[in-house]
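One structure is given below, encoded as structure tokens.
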Amino acid sequence: MKNYTSINDIDNINTWVSEAKTLKENPLKHKSLGQDKTLGLLFFNSSLRTRLSTQKAALNLGMNPIVMNVSGDAWGIEFGDGTVMNGNTAEHIKEAAAVVSQYCDIIAVRAFPTLTDKEKDESEQVLKSFVEFASVPIVNMESATGHPLQGLTDALTISEHAKTAKPKVVLSWAPHVKALPHAVGNSFVQAMQKMDVEFVITNPEGYDLNPEITKDTPIIHNQEEAFKDADFVYVKNWSSYDDYGKILNTDPSWMITKEKLGAAKFMHCLPVRRNVIVEDAVLDSDSSLVIQQANNRTYAAQLVLKKILENG
Ligand code: CP
């Protein structure tokens, strides 16, 4: 594997989950694999988990991570081809990616969507420009439309906590005060479609995710009906896809409560807004897997880096 930019880069998710579990049992076993190799982490947006867990993963493999907050600390990067750069951007991606490639053996990039320009967001201009103009492998640390490190993490977490051979997994929308991207939801859908699970999505009318991603996964607009007999409830807000980037609904009755959750386990990628997305009683109970999920971010990232390093 050269790049890891999408859940579609996973050839067999069951094998990957199994390999991640093995890494988790002995995280330092491959400490010499990344010796004298450098991982560059470029953040166009904020992060806690991705920033720290991906560095930890690199350190476990013996790599040296170097981190840059691109938006705040670097020159403004121009991505357009043929642009007359007489505005706010001072450096073109062609030079920036080539230069960073000389310092790093792998480059990881986080770049969120605009949520105002659907066509631009779906073009994945930032991520694809790094793939095109860097001379080293690229890892997606959450792009405009996908968060594949999170999706792999979630598959690992469900596999670890499943009590039946084919658990029922529900992806539920929940309300939020800000317009949020579709990336986590998209990658979770793609990961679950590769897993042996009974998978349904529930969201209000007007909030269906991109049909090219949801494909034939059932979408139920009644949350209570969707939650029936669920083993895992994965919760995430996203803004409208059809009315792109808009908040159409803030109905608090979609918030996750202990009563609604029943015997199911609660999952969320974090950060999560308490008593908006989910009530305290869920997060403060044994039903919540959010801390275990965040821990697994290290092993998902470590597996991806290991595969890239082994590919040479
Ligand atoms: N889940 C996740 O990606 O967290 P951060 O945004 O803090 O990295």
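We count ligands from 1, going down the list as the structure has it; atoms in each ligand are counted the same way.
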Exercise. Would you call Glu198-Lys166 a salt bridge at under 4.0 Å N-O?
Worked result: no

Exercise. So Tyr234 and Phe188, would you call those rings parallel, tilted or perpendicular, with 30° and 60° as cut-offs?
Worked result: parallel

Exercise. Excluding sequence neighbours, so at least two apart, what forms side chain to side chain contact (heavy atoms under 4.5 Å, CB included) with Ile66?
Worked result: Thr38, Cys104

Exercise. So which residues, sorted by chain and number, lie with a heavy atom under 4.0 Å of ligand 1?
Worked result: Ser47, Leu48, Arg49, Thr50, Arg110, His147, Gln150, Cys269, Leu270, Arg297

Exercise. So which residues get pulled into Ile291's cluster when ILVMFWY side chains under 4.5 Å apart are joined, directly or through others?
Worked result: Val170, Val200, Ile220, Phe227, Val233, Val235, Ile256, Leu261, Phe266, Leu270, Val272, Ile277, Val278, Val282, Leu283, Val290

Exercise. Hey, are Glu224 and Lys228 close enough for a salt bridge, meaning a charged N less than 4.0 Å from a carboxylate O?
Worked result: no

Exercise. In chain order, what residues pass the ring pair (Phe, Tyr, Trp, His ring centres under 6.0 Å) check against Tyr244, with sequence neighbours excluded?
Worked result: His182

